[in-house]
Amino acid sequence: MPDDSETPQKHLYLVDGSAFIFRAYYSLPPLTNPEGTPVGAILGYSNMLWKLADDLHAADGPTHMAVILDKAGTSFRNDIYDQYKANRPEAPEDLKPQFPIIRDATRAFSLPMVEEENVEADDMIASYTKEAVARGWKVTIVSSDKDLMQLIEPKEDSLVDMLDTMKDKRIGAAEVEEKFGVGPQLVGDMLSLMGDSSDNIPGVPGIGPKTAEKLLTEYGSLEGVLAAAPEMKKSKMQERLVEFADMARLSRVLVTLKDDCPLPIALDDMELQTIPEGPLVPFLEKHGFKALLKRVGQVTDTDAANKAIAGQPRATTIGNAAAPAVTVSGAPMAARPPKMPPIDPAAYECVTTLDALGRWIAEARAEGLVAFDTETDSLEAVTANLAGFSLAVRPGQACYVPLSHGGSDMFAEKADQVPFDEAMAMLKDLLEDDSILKIGQNLKYDMSVLVQHGITIAPIDDTMVMSFNLDAGEHGHGMDELAKLHLGHECISYKSVTGTGKSQIRFAEVPLSEATKYAAEDADVTLRLWHHLKLRMAPERAVRIYELTDRPVIQVLSKMECRGIKVDRAVLARLSGEFAEQMQSLESEIHQIAGEPFTIGSPKQLGEILFEKMGYKGKRKGKSGQYSTDVTILEDMAGQGIEIARKVLDWRQLAKLKSTYTDALQEQINPNTGRVHTSYGLVGAQTGRLSSTDPNLQNIPIRTEIGRQIRDAFVAEPGNVILAADYSQIELRLAAHIADVAQLRDAFAAGEDIHNRTAQELFGEVNRDTRGRAKTINFAILYGISRWGLAKRLEVEPDEAQAMIDAYFKSFPGISAYIQETLASVREKGYSETLFGRKTWFPRINSKNQAERQGSERAAINAPIQGTSADIIKRAMARMDDALAKAGLAHVKMLLQVHDELVFELPESDVAAASEVIRNVMMGAAEPAVTISVPLGVDIGTGKSWGEAH
DNA sequence: TCCCTCACG
DNA sequence: GACGTACGTGAGGGAA
C-alpha cells in the first residue's frame, strides 16, 4: 500500500447520491424546471454538491470527492434473500423523473461518479473507504444511513466519519454510541438482532433497539448472544432467539457491507478541483436554478484571483493530468475528462511549411490520436473544394493547414502555403494509418470530401454520433451546441469569418489568421468534446449501438453518397412540361369557378375564396385564425360534389410534384457524374432512423400513379439494373415480437396477411371494410393510439373507436402491457430503448402541459419499434459490402436507403446471386445480438428504373 | 423566418 | 374546464 503520511492529509468525501435524493425530495417543496419536469430534489442535491465542493480550501475540507449512486435493479443480496428490500414502496411519481437527472447534475459539477451493477452504493462506499483508510486518508461519508455507520472506526481519532448535510451534523463514534448505545463495530450485530424495516431485514421478532443493546452489551457480539441463548433464562425472548437464530445470521450477512469491490475509478482520479463553469452553467440554466447561477460567477472569480496569486493553474481547469481512469474487469466507470487549458484561438498555429506539418503529424503519432476537420467552400461534400484542414493533438494544441487560400487580392498568401500535393500525401499517410484514431465531428462529410483526393479515413470516432448515441432527444448534436453545453464555450461562428448574404466570401478567401482561429478551434473543440463523450460511452451503455451499428454505417453512407444514383433528366423534363400544362388548364377552370383570379397556392387566399366569397362552411383553426384547406377538408368537400375542391386538389398535387420533384431534382443532378448525390443525416431522427437531404430521396412519390412516374427517372447505367429490397411489415413484426403477441407472431410465421388476421380477431369476419379498419388500427398501435385520433381516421364516433381499442387490447393483451411498461419505464428513467440498446430521451414525458406530455407518450411508445427497425437495417448496411465481396459481387453497389428499403445498382447478370446475398444479410441483420421471434420478410424487385423495380 | 401543406416510411 | 389529438422525417411556397 502506498503511504501518503508524509504528504498533507488527504480527505476523501464520498457522497451517497441516491439516498440524498430521497431525503431531499421529502424535505423540499415541489418545484419544476421550465420543461415541466419536477426538479425539487435535484436542486437540493445541486446545492449540497456546491456547498461541499466549496469547502475545498477550508481547513479539513475535502481534497478528493466522488458521488456513489445506486444502480437500478437488484443486487447480490437479492440472490441471498429474495425478500431483501421487497417492502420498499415505489418511488413517488414526481420523484422518478429526477433519478436520471442526478447523473446530469453530477457531470455538471465535474465530479467522478461511481455506479456499479449488482452491488449497492453502500458496498462501493465501504470499498473506497477501506482503500482510502489503508493509505492513511481521512474519509467523510456524506449520508445519514445507519448501515454505513459500521464504517466509522470505534475510536476517538477515527479516520472515518459521516456528514448529514441536511441536519448539518457530523457523525463520529460518539454519536453512534449515543444513538445505538453500542459502538460502530457493533452496529451490524445490532441491526441483525432488531431487524431493519426499511430494508426488510428480518432480525429476530420481538427484539427492538433496547433489548438488542442490552444483549450486545452483555454478550459482546451477535455470535456471543446466539451462543448463549439456549442457556438463558426461559422467556419469550429466549425462545425467539433460539428459534430465529438462523434469521439473525442471515440478517448479519445482509447488513455486512462488501468492502472488496473492484474500484472502477482510482482514488487519485477523485482529486477535487475548483468546479469549472463550462458544463455547470448550461445545467443550472436548463433547470432554472437561478440562485446557484448567481453564485457560480462570484465564487469562480474569487477563486481565479486566489489561484493566480499562488501561481497555480487557472480556475477553469479540472481533474488531473493523468489519462482517464480505466475500467476494471468490465466494470462501468464514470470519471472526468483530463485537465484542459482554456480555449485560446490566438494560440493556434498556422502551418505553412512541410516541416511544420511533419512535426504536427509526429505529435499525432506520439499521441495515437488526432482530431481532424476539413474546411471547404460548400456544405455539399461531393462538389466541395478543399480550402485546408486542421489538426488537434492535445486540448489547446491545434493547427490549421491552408491548402488553397488566396483570392483576387491575396496572391501574397499563396506563397505562404504548403505545396498541395506533398501535404496531401502526408495527410493521407496519417489518416490511413490504422494505429492512429481519427476523431471528427460529422466525419462522414470529411470522408466524402477526401475520397475525391484518394484518401480514406480509418479508424474513426465521431463526436456527433457519440453525442447522438448518448443523448438523442435531449438536445441537438451540432458542434456549437455541444461546445456550449459540455465546455461552456461559444465557438467562433462560420458566418462571422465568411460573412453572409451578398458579401459572403468563400472560406479559401478568408485571411489566414482568421481562418486559423476558426478552423483550428473546430479541431480543438472536437478533441475536447471527445474526451467528455468517450468517458460516458461505456457506463451509459452506448457502446453496442455505437460500435456495432452507427459508427460502421458512417463509412457505408459516405460511399453511398459519393456513388449517387443516375437520374434521367429527359424523363423529369417531360413530366415537368406535362404537369405545367395540366396545371394551366386547372388554374383557369378554378379561377372561372371562383369568379376571379387568385393565387391557388396561397392557403390564405384560397380559404377566403372558398369560405367567405363562395360561402362554403369551413373551420378556422389555430392561433393564426386561418381557414384550414388541407387534404382532409378538400377531400370532404369534393365528396359532397363541390367541383372546385377536386380541382384544387388536383392542382395541388401537380404543383407539389413539379416544384419539389420534377423541377428541383433536375437542378440536383451533378454535371460531372450525371447522378444525384443525397446527403444522409445520422443524427436527424430521434428514433435512430436516417434522414436524407439535398435532395431528400426518402420521399420520392410512389403512392399515386401520377407521382410514381417520377421513379422512372431513377435509372441504372446501361447493362445494369436497379434492385430494390424492402423489409415487409417490419414494424408490425417487431411489435409482435417486442410485445410478445402470440397470435400475430403465429400469423407472420405462417405467412398470413396480418391485417386479415387482425380483422378476424377484432371483427370476427374478413372483408374489405374490416381489413381496412384493422390495418388502420394496426398502425395506430405503432404510433401510440388515442380514441380521438382513431375516430377521425376511421370516421366513427370516439366511443366506437374506444370500443375497438378495448377489443384490440383484449385480443392482444401483450400490446397493452407493452404500452404500460414502456411508459412506466420512460417516466422513471427518462428514456426508451430499442432491442439493441439505442436510447431515446423524452425530457417532456412528465410535463405539466398535457398536450406536450401526451405527445411524448405517443412518441415513446413508437420509438422502440421504429428505432429497432432502424437498427436492423443499419446493421444490414454495415455488413452488406463484406457479404457481397465474399460472394464475388463487389461490383454490386448499394445506392439508397429508405427506412425499410435498400436500393442497389448491379449488372443484370448478377441479379440472382446478389438477391440471395442481400436477402440473407437483411433477414439475419438482428443476429447475433438479438433473436427476433418472428421471421423477417424481404421482398425484392428489379428493373431498368426504380419505378420498375417495385 | 414562420406557417401551411404534402411527399415518403 | 379547455386543450387538440397517430409516429418519424424534409422541402417548397406564401406571408410577414
Side-chain angles (χ1 to χ4, degrees), chain A residues 472-473 598-607 619 621-635 648-649 651-665 667-668 678-681 683-704 706-708 710-711 726-732 735 776-794 798 801 805 832 840 842 848-867 869-870 873 896-901:
Chain A
F598 67 99
T599 310
I600 304 171
S602 161
K604 187 165 177 274
Q605 292 185 33
L606 178 64
K619 276 188 304 217
K621 64 164 213 179
K623 44 196 161 188
S624 60
Q626 261 195 45
Y627 291 102
S628 171
T629 65
D630 67 17
V631 259
T632 57
I633 303 279
L634 293 179
E635 283 288 0
V648 169
L649 279 169
W651 183 91
R652 275 220 186 126
Q653 184 186 19
L654 292 165
K656 172 81 176 180
L657 295 176
K658 183 170 184 295
S659 67
T660 310
Y661 301 104
T662 57
D663 287 353
L665 222 40
E667 303 297 310
Q668 299 276 357
T678 184
S679 173
Y680 287 103
V683 303
Q686 318 273 303
T687 53
R689 272 193 178 180
L690 300 177
S691 65
S692 161
T693 55
D694 310 303
N696 182 352
L697 294 187
Q698 290 182 324
N699 70 348
I700 302 300
I702 192 168
R703 290 175 185 169
T704 64
I706 182 164
R708 222 185 149 97
I710 293 167
R711 293 205 171 207
D726 59 276
Y727 283 111
S728 148
Q729 310 274 28
I730 187 168
E731 294 196 1
L732 275 172
T776 301
I777 297 172
N778 274 332
F779 280 103
I781 294 298
L782 299 182
Y783 298 151
I785 201 163
S786 87
R787 56 199 301 227
W788 308 103
L790 186 63
K792 210 167 128 189
R793 299 276 156 153
L794 290 177
I805 295 170
S832 70
T840 303
F842 294 91
K848 277 179 299 192
N849 178 325
Q850 186 181 222
E852 218 171 50
R853 188 176 65 246
Q854 291 179 339
S856 292
E857 288 172 355
R858 291 191 297 268
I861 290 166
N862 180 246
I865 298 168
Q866 189 181 114
S869 157
I873 195 165
L896 301 177
Q897 189 250 41
V898 192
H899 310 308
D900 63 358
E901 172 185 9

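All of these numbers come straight from a predicted model, not from anything done at the bench. Order of the sequence lines fixes the chain letters, A, B, ..., with proteins taken first and strands second; residue numbering starts at 1 for each chain.
Here A:Thr776 lies in heavy-atom contact (under 4.0 Å) with a base. At a threshold of 4.0 angstrom between heavy atoms, the contacts of A:Ile702 are confined to the sugar-phosphate backbone, with no base atom among them. Residue A:Lys792 is classed as having no contact, given no heavy-atom separation below 4.0 Å to the nucleic acid. Residue A:Asn699 is classed as a base contact, given a heavy-atom separation below 4.0 Å to a base. Residue-level contact check: A:Ala685 touches the backbone only, with heavy atoms under 4.0 Å from sugar-phosphate atoms and none from bases. Here A:Ile700 lies in heavy-atom contact (under 4.0 Å) with sugar-phosphate atoms only. In this structure, A:Ala664 reaches the sugar-phosphate backbone alone: every heavy-atom distance under 4.0 Å involves primed, P, OP1 or OP2 atoms, never a base. Using a 4.0 Å heavy-atom distance criterion, A:Arg689 is classed as a base contact. Within 4.0 Å (heavy atoms only), A:Ser869 reaches no atom of the nucleic acid at all. When heavy atoms are screened at a 4.0 angstrom cut-off, A:Gln605 is found touching the sugar-phosphate backbone but no base atom. Using a 4.0 Å heavy-atom criterion, one finds that A:Asp726 contacts no nucleic acid atom at all. The residue A:Gln686 sits close only to the backbone: its heavy atoms come under 4.0 Å of sugar-phosphate atoms, none of a base.
The distance between atom CD1 of A:Ile873 and atom P of C:dT9, rounded to the nearest whole Å, is 17 Å. Atom pair A:Gln653:CD and C:dG13:C1' shows a separation of 17 Å (rounding to whole Å applied). Note: CG (A:Leu732) to P (C:dG8) measures 17 Å, nearest angstrom. Spacing between atom CD1 of A:Ile805 and atom C1' of C:dA6 amounts to 11 Å, rounded to whole angstrom units. With rounding to whole Å, A:Phe598 atom CZ is found 18 Å from C:dG13 atom P. Here C:dG10 presents its C1' atom at 14 Å from CG of A:Leu690, a figure rounded to the nearest Å. Rounded to whole angstrom, the span from the CD atom of A:Gln854 across to the P atom of C:dA6 amounts to 12 Å. Rounded to an integer number of Å, the gap from A:Leu665 CG to B:dA7 C1' is 12 Å.
To the nearest whole angstrom, the two C1' atoms, one in B:dC2 and one in C:dA6, are 24 Å apart. With both ends at atom P, the span from B:dT5 to C:dT5 equals 12 Å, rounded to whole Å. B:dC6 and C:dG1 are spaced 35 Å apart, taking the C1' atom of each and rounding to whole Å.
In terms of modelled atom types and a separation under 3.5 Å, the side chain of A:Gln605 and the main chain of A:Ile600 share no donor-acceptor contact. Checked by atom type and distance alone, the side chain of A:Arg689 never pairs as donor or acceptor with a backbone atom of A:Gln866 at under 3.5 Å. The backbone N or O of A:Tyr680 sits nowhere less than 3.5 Å from a side-chain atom of A:Ser692 that would complete a donor-acceptor pair. In this structure a side-chain-to-backbone donor-acceptor pair under 3.5 Å is present from A:Thr678 to A:Thr693.
Side-chain contact check for A:Ile873 versus A:Val898: every heavy-atom pair is 4.5 Å or farther apart. Residues A:Gln698 and A:Leu690 have side chains in contact (heavy-atom distance under 4.5 Å, counting atoms from C-beta outward). A:Leu657 places none of its side-chain heavy atoms less than 4.5 Å from the side chain of A:Thr662. Within the 4.5 Å cutoff, the side chain of A:Gln668 has no heavy atoms near those of the A:Leu697 side chain. A heavy-atom distance below 4.5 Å is not found between the side chains of A:Ser869 and A:Tyr727. Here the side chains of A:Ile865 and A:Tyr783 are not in contact, with every heavy-atom distance at 4.5 Å or above.
Side-chain nitrogen and oxygen atoms of A:Ser786 include none within less than 4.0 Å of the OP1 or OP2 phosphate oxygen of C:dG4. At the phosphate of C:dG10, OP1 or OP2 sits under 4.0 Å from a side-chain N or O atom of A:Ser691. For the pair A:Thr629 and B:dT5, the criterion of a side-chain N or O lying under 4.0 Å from OP1 or OP2 is met.
For A:Pro603, the side-chain atoms get nearest to B:dC4 when compared with the rest of B:dC4, C:dA6, C:dG10. Listed nucleotides C:dG8, B:dC6, C:dT5 differ in distance to A:Thr687; the shortest reach to its side chain belongs to C:dG8. Closest to the A:Gln866 side chain, of the nucleotides B:dC8, C:dG10, B:dG9, is B:dG9. When each of B:dG9, C:dG8, B:dC6 is scored by its nearest atom to the side-chain atoms of A:Val898, the top-ranked nucleotide is B:dG9. Checking C:dG8, B:dT5, B:dC8 against the side-chain heavy atoms of A:Ala859 singles out C:dG8 as nearest.
In DNA chain C, stems built from 3 or more consecutive Watson-Crick or G-U wobble pairs, each with both distances under 3.5 Å, span B:1-9 with C:7-15.
Evaluation of atom-type donor-acceptor distances gives no pair under 3.5 Å for the side chain of A:Arg703 against the base of B:dA7. Residue A:Gln698 places no side-chain atom within donor-acceptor reach of the base of C:dG10, judged by atom type and a 3.5 Å distance cut-off alone. In the interface, the side chain of A:Gln850 is paired with the base of C:dC3 through a donor and an acceptor atom under 3.5 Å apart.
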